[in-house]
Amino acid sequence: MTKPQDSYPDISDPVFIGRPIDKLSLLIEEQSSEIFAEFGIVIPVRSCSLMTSLAKLGSASASDLASALEQSHQLVLQKLPKLVQLGLLVRTQDETDARRKLFSLTDEGIDQLEKFDRCSVLLRKAYAELFAEVGDINLLISNAIDALNQKPLCNRLSDST
């Protein structure tokens, strides 16, 4: 016997919390892209933290960047070719380890980060206005991540069963 269709949770149910988080992320990316275009920024929105981290490191391998960003090595490897293609990064061979590839900012990459830095001042103001309206989403998300790292969902199931 199959369950009646109306017995399944609605997509607004908290069990699908990833949906609104993804939707918010895409909305922020879309709206930020419009602002970036006005500032002449060609850095993909989702690559700004990578570019900023690389600027702080000077040069780094994909693995170094993944560690600095607390992201998977695969995710970082997906972003790097586009940044090289845009002329924002250059890839070189590590002189001490032939297997290791290093990435560093080009002059254009530095110029783009300076544009992003000027833009980020305005973005911070926009986010401050948004947070005043709806609450500090950034803090809420950070707290949720910390809480789930301390006690994963699977451990929370035992408390409610």
Side-chain angles (χ1 to χ4, degrees), residues 16-132 134-156:
F16 301 118
I17 193 169
R19 282 181 33 78
I21 292 170
D22 286 343
K23 191 174 179 178
L24 175 63
S25 179
L26 289 171
L27 185 60
I28 288 169
E29 180 180 13
E30 179 183 301
Q31 292 181 5
S32 295
S33 291
E34 293 173 18
I35 295 167
F36 279 25
E38 290 177 26
F39 276 79
I41 300 169
V42 299
I43 304 169
V45 172
R46 293 181 187 246
S47 296
C48 290
S49 58
L50 186 150
M51 293 281 293
T52 302
S53 293
L54 187 55
K56 291 178 180 180
L57 293 170
S59 71
S61 67
S63 180
D64 297 333
L65 288 165
S67 293
L69 294 165
E70 298 178 357
Q71 291 181 337
S72 74
H73 187 255
Q74 281 183 314
L75 181 60
V76 170
L77 281 175
Q78 289 173 0
K79 293 178 180 182
L80 290 169
K82 176 72 171 176
L83 298 172
V84 170
Q85 179 186 3
L86 288 169
L88 305 175
L89 303 183
V90 64
R91 185 181 100 167
T92 57
Q93 198 75 36
D94 187 332
E95 294 175 9
T96 61
D97 184 348
R99 298 168 296 166
R100 190 171 137 118
K101 310 291 186 253
L102 297 175
F103 295 87
S104 56
L105 296 173
T106 62
D107 289 341
E108 178 63 18
I110 293 167
D111 181 58
Q112 284 288 306
L113 269 180
E114 288 171 0
K115 289 179 181 181
F116 171 70
D117 196 43
R118 289 190 295 275
C119 178
S120 67
V121 171
L122 298 174
L123 286 171
R124 276 188 207 91
K125 290 179 184 176
Y127 281 121
E129 181 182 322
L130 175 65
F131 294 171
V134 302
D136 189 337
I137 301 166
N138 195 45
L139 180 61
L140 180 65
I141 292 169
S142 293
N143 289 343
I145 290 168
D146 289 345
L148 285 171
N149 279 327
Q150 289 178 15
K151 186 176 181 183
L153 285 176
C154 62
N155 294 351
R156 293 169 188 274

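In this text, all values refer to a predicted model and were calculated from it rather than measured experimentally.
Residues Phe131 and Leu139 are not in side-chain contact: their nearest non-hydrogen atoms beyond the backbone lie 4.5 Å or more apart. Side-chain contact between Phe16 and Asp22: absent, with no pair of heavy atoms (C-beta onward) separated by less than 4.5 Å. Using a 4.5 Å cut-off on side-chain heavy atoms (C-beta onward), Ile35 and Ile41 make no contact. Looking at Leu89 and Met51, their side chains come closer than 4.5 Å, going by heavy atoms from C-beta outward. Proximity of Leu122 to Phe39: side-chain heavy atoms (C-beta onward) are separated by under 4.5 Å at one or more points. At least one side-chain heavy atom of Ile28 sits under 4.5 Å from a side-chain heavy atom of Tyr127.
With sequence neighbours left out, the salt bridge (charged side-chain N to carboxylate O under 4.0 Å, His left out) criterion links Glu29 to Arg46. Partners of Arg100 by salt bridge (charged side-chain N to carboxylate O under 4.0 Å, His left out), not counting sequence neighbours, listed by chain and number: Asp64, Asp94.
When all heavy atoms are compared, the tightest approach of Ala68 to Leu57 is CB-CD1, 4.3 Å. Here the closest heavy-atom approach between residue Ser104 and residue Ser59 is recorded as CB-CB, 3.9 Å. For Leu102 against Ser61, the heavy-atom pair with the smallest separation is CD2-N, 3.7 Å.
Rounded to the nearest 0.5 Å, atoms CD (Glu38) and OG (Ser33) are 11.5 Å apart. Expressed to the nearest 0.5 Å, how far CG of Asn138 lies from CG of Leu130 amounts to 10.5 Å. Here Ser72 contributes atom OG and Leu77 contributes atom CG; the two are 8.5 Å apart, rounded to the nearest 0.5 Å. Considering SG of Cys119 and CZ of Arg124, their distance stands at 10.0 Å, rounded to 0.5 Å. Distance check, rounded to the nearest 0.5 Å: CG of Asp117 to CD1 of Ile110 gives 13.0 Å. Here the CG-OG distance, from Leu27 to Ser32, works out to 9.0 Å after rounding to the nearest 0.5 Å.
Looking at Thr106, its side chain does come within 3.5 Å of a backbone N or O of Gly109 through a donor-acceptor pair. Judged by distance alone, the side chain of Ser53 and the main-chain N or O of Ser49 form a donor-acceptor pair under 3.5 Å.
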Would Ile141 and Ile21 count as a side-chain contact (heavy atoms from CB on, under 4.5 Å) here? Give the steps. CA-CA 10 Å; Ile141 292 169; Ile21 292 170; 5.8 Å; no
Where do Leu54 and Leu83 land on the side-chain contact (heavy atoms from CB on, under 4.5 Å) test, with the steps shown first? CA-CA 12 Å; Leu54 187 55; Leu83 298 172; over 6 Å; no
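For the pairing with Gln78, the side-chain contact (heavy atoms from CB on, under 4.5 Å) check across Leu75, Leu80, Val76 returns one residue only, Leu75. Screening Asn155, Asn149, Leu148 against Pro152 for a side-chain contact (heavy atoms from CB on, under 4.5 Å) leaves a single residue, Asn155.
Residue pairs that meet the salt bridge (Lys or Arg N to Asp or Glu O under 4.0 Å) test with at least one member in residues 65-85, sequence neighbours left out, do not exist here.
Within 6.0 Å of atom CG in Asp107, 12 or fewer heavy atoms from other residues, nucleotides or ligands are found, so the atom counts as exposed in its surroundings.
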